[in-house]
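Written below as structure tokens is the structure these notes are about.
Below, chains carry the letters A, B, ... as their sequence lines are ordered, and counting in each starts from 1.
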Number of protein chains: 2
Amino acid sequence: MRQLNCSMCILKSEAARKFSDSELSRMNQNCVEVDFKKNEIIFKQNALSSNIIYLQSGMVKLVIEGKQREQILRIKKAPCYLGLPTTMGDKINHYSAVAIVPTRACFIDINIFKELLKSNFEFSYEIMVELCKNELDQFHRCVNLVQKHIFGRLANSLIQFSEELFEDDEFDLPINRNEYADLVCTSRETVSRMLAELSEEKVIEINGKRIKILNKEMLNKIRENG
Amino acid sequence: MRQLNCSMCILKSEAARKFSDSELSRMNQNCVEVDFKKNEIIFKQNALSSNIIYLQSGMVKLVIEGKQREQILRIKKAPCYLGLPTTMGDKINHYSAVAIVPTRACFIDINIFKELLKSNFEFSYEIMVELCKNELDQFHRCVNLVQKHIFGRLANSLIQFSEELFEDDEFDLPINRNEYADLVCTSRETVSRMLAELSEEKVIEINGKRIKILNKEMLNKIRENG
DNA sequence: GTAAAATTGTGATATGTATCACATTTATTA
DNA sequence: TAATAAATGTGATACATATCACAATTTTAC
């Protein structure tokens with residue numbers, strides 16, 4: 001456990017810029033920083049949840065164990081908070097968080113976090129707004145999963161990887177085909193087939209985990225109509 | 001617009017019990033009460049959102065327009081808040097709220113609501129916890145919709161109507177078969193067929209919109225394994 | 001109370017996607 | 001570098017559920 005300097009780190013977090021020096025030093029003393037390798041678990045479903053996690057760098061999948069299969073609720077990339085709903089909403093985690101690339105995270109005790117919320121309304125209001133946005137997001141994600149056929153869901157996820165997560169037309173998928181199936185709620189085989197078909201149609205180019213988007217308009221159409 | 005007395009009403013809201021007299025009177029002066037008939041719209045998707053709504057009595061469906069069909073995100077019954085995520089998370093409503101039984105609601109201006117959050121940490125923390133719980137709930141709802149076959153989803157919704165909304169083994173469905181299809185994300189015809197089958201199996205008894213649960217263990221099994 | 005409209009039920013058919021089986025490729029470990 | 005394990009691709013088949021078509025019933029409106 002190294003000596004932390006939250007004032008350096010906090011700059012990345014919109015909400016936490018509003019802290020006073022004393023709040024920052026309180027945080028410095030109650031924060032631990034941990035590095036995770038790919039596939040390491042940051043927190044686990046059904047375990048006691050007593051920390052809010054601030055992702056400094058990396059990327060994480062939030063996974064929930066369904067009766068039949070795992071489901072990836074969403075993929076989040078740093079900087080962001082993890083575990084707000086699962087830590088504030090219950091004593092037990094309702095889902096797991098797993099690193100899908102090398103990831104650095106800070107653990108903040110929920111009681112300290114609550115103190116910070118209490119002492120700084122700007123901060124707590126921003127957290128509230130973030131919670132609200134997440135819920136809206138989640139509504140749309142659910143409609144997308146339920147109402148679209150797999151082509152549409154796949155196109156949607158490809159666009160999200162490209163625009164939201166990697167901000168590039170070309171990227172390495174941080175998950176395998178099985179996990180991809182858990183993300184778009186289908187089977188591994190179907191993911192393979194559909195990706196192959198998109199590749200045949202020259203919409204994307206595939207090389208193992210490397211993906212390049214060739215025809216974005218087409219992909220958008222598929223997302224809308226799929 | 002009648003003279004309001006929030007102190008009477010507020011007793012139903014866990015979070016708002018913590019208000020001081022001055023906070024309450026501020027609320028009295030900035031609150032309007034409206035009655036809605038069945039099928040009347042309380043707020044509409046894509047309209048500007050500038051109010052938090054407190055449901056005094058009644059029942060409401062939250063609906064989002066998908067590309068292909070409408071989807072009922074959830075059914076909420078009084079007492080509860082409506083529009084927290086859609087009003088705090090964006091300027092525009094991401095979904096509509098429609099009364100499915102006669103309903104009475106208070107409209108609170110978002111700026112007044114924000115003042116109350118600021119002046120009373122207990123209140124704002126409880127709102128935060130509620131937002132978190134909603135999000136967890138929404139995760140489970142989504143997994144349920146995506147991973148279960150229609151029998152399981154139907155069984156699940158029947159149990160929710162019975163246990164969470166009406167707290168009775170026998171109740172009148174406040175929605176028609178089409179809306180029921182939007183709720184469990186299937187077609188009207190399939191809802192008809194499946195309900196008929198559950199009735200044949202003596203799991204439920206149907207009489208138009210009146211439903212009686214005859215075999216709850218069976219229904220629970222179908223929910224788990226479906 | 002009758003006509004019109006809306007809601008609901010039910011058979012036949014079509015189809016998207018899961019599942020199974022197995023081959024092939026890629027990654028991991030000794 | 002060989003041996004083993006993990007990940008991926010692809011055909012054949014099965015099946016849950018959507019869709020279409022139309023009849024029957026219930027509700028609404030005049």
Side-chain angles (χ1 to χ4, degrees), chain A residues 37-39 61 66-72 100-101 144-157 172-201 204-211 222-223 225-226, chain B residues 37-40 61 66-72 100-101 143-157 172-201 204-211 222-223 225-226:
Chain A
K37 302 195 192 92
K38 183 175 167 69
N39 291 326
K61 63 173 177 178
K67 191 88 184 174
Q68 348 274 327
R69 42 168 40 265
E70 282 201 337
Q71 185 165 334
I72 298 184
I100 55 176
V101 299
N144 177 64
L145 280 177
V146 168
Q147 295 202 356
K148 280 184 187 148
H149 288 170
I150 293 175
F151 256 116
R153 311 211 293 260
L154 210 61
N156 185 57
S157 72
D172 283 310
L173 273 182
I175 54 177
N176 65 28
R177 299 292 192 268
N178 237 317
E179 291 170 295
Y180 208 145
D182 293 338
L183 178 64
V184 296
C185 297
T186 182
S187 65
R188 175 188 64 76
E189 294 93 325
T190 300
V191 169
S192 272
R193 266 187 271 266
M194 299 288 182
L195 284 178
E197 204 166 330
L198 286 177
S199 166
E200 284 216 349
E201 307 282 344
I204 58 175
E205 190 181 293
I206 311 178
N207 206 311
K209 290 216 166 51
R210 186 130 198 102
I211 291 195
I222 296 172
R223 164 158 79 164
N225 306 321
Chain B
K37 303 196 192 90
K38 183 175 167 70
N39 290 327
E40 285 186 337
K61 63 174 177 178
K67 191 89 185 175
Q68 349 272 327
R69 40 165 47 263
E70 282 200 337
Q71 185 165 334
I72 297 184
I100 55 176
V101 299
V143 172
N144 178 64
L145 280 177
V146 169
Q147 297 202 355
K148 280 182 186 150
H149 287 172
I150 293 175
F151 257 116
R153 311 211 292 259
L154 209 62
N156 184 57
S157 72
D172 282 310
L173 273 183
I175 54 178
N176 64 29
R177 299 291 192 268
N178 236 316
E179 292 169 294
Y180 208 145
D182 294 338
L183 178 64
V184 297
C185 298
T186 183
S187 65
R188 174 186 64 77
E189 294 93 325
T190 301
V191 169
S192 272
R193 268 186 271 264
M194 299 286 181
L195 284 178
E197 203 167 329
L198 286 176
S199 166
E200 284 216 347
E201 306 282 344
I204 59 175
E205 191 180 292
I206 311 179
N207 206 312
K209 290 217 166 47
R210 186 127 198 106
I211 290 196
I222 295 172
R223 164 157 79 161
N225 306 320

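Rounded to a whole Å, the CD1 atom of B:Ile150 is 13 Å from the C1' atom of D:dC15. Distance, B:Glu197 CD to C:dG9 C1': 14 Å, rounded to whole Å. Distance, A:Leu195 CG to D:dT10 P: 11 Å, rounded to whole Å. Whole-Å rounding puts the A:Gln68 CD to D:dA16 C1' distance at 14 Å. The distance from atom CD of A:Gln147 to atom C1' of C:dG16 is 16 Å, rounded to the nearest whole Å. Rounded to an integer number of Å, the gap from CG of B:Leu173 to P of C:dT7 is 15 Å. Taking atom CZ of A:Arg177 as the reference point, atom P of C:dA27 lies 11 Å away to the nearest angstrom. Distance A:Asn178 CG to D:dA6 P: 13 Å, rounded to the nearest Å.
For D:dA18, one of the phosphate oxygens OP1 or OP2 lies less than 4.0 angstrom from a side-chain nitrogen or oxygen of B:Thr190. Contact check, B:Arg188 against C:dT8: no side-chain N or O comes under 4.0 Å of OP1 or OP2. Contact between the side-chain N/O atoms of A:Lys209 and the OP1/OP2 oxygens of D:dT8 is found at a separation under 4.0 Å. The side chain of A:Thr186 places an N or O atom within less than 4.0 Å of a non-bridging phosphate oxygen (OP1 or OP2) of C:dA18.
One can find a donor-acceptor pair under 3.5 Å joining the base of C:dT19 and the side-chain atoms of A:Arg193.
In this structure, a donor-acceptor pair under 3.5 Å is absent between the side chains of B:Thr186 and B:Tyr180. Between B:Asn178 and B:Arg188, the side chains place no donor N or O within less than 3.5 Å of an acceptor N or O (distance only, hydrogens not considered).
With distances taken from any side-chain atom of A:Asn176 to the nucleotides D:dA7, C:dG9, D:dG9, the minimum falls on D:dA7. For A:Glu189, counting side-chain heavy atoms from C-beta on, the closest listed nucleotide (D:dA16, D:dT8, C:dC20) is C:dC20. Closest approach to the A:Met194 side chain among C:dT17, D:dT8, D:dT19 is made by C:dT17 (side chain taken as heavy atoms from C-beta onward).
With B:Gln147 contributing its side chain and A:Arg69 its backbone, the two residues share a donor-acceptor pair below 3.5 Å.
A pairwise comparison of heavy atoms in A:Asn176 and A:Lys209 identifies CA-CE, 3.7 Å as the closest pair.
The pair B:Arg210-B:Asp172 counts as a salt bridge, with a side-chain nitrogen and a carboxylate oxygen less than 4.0 angstrom apart.
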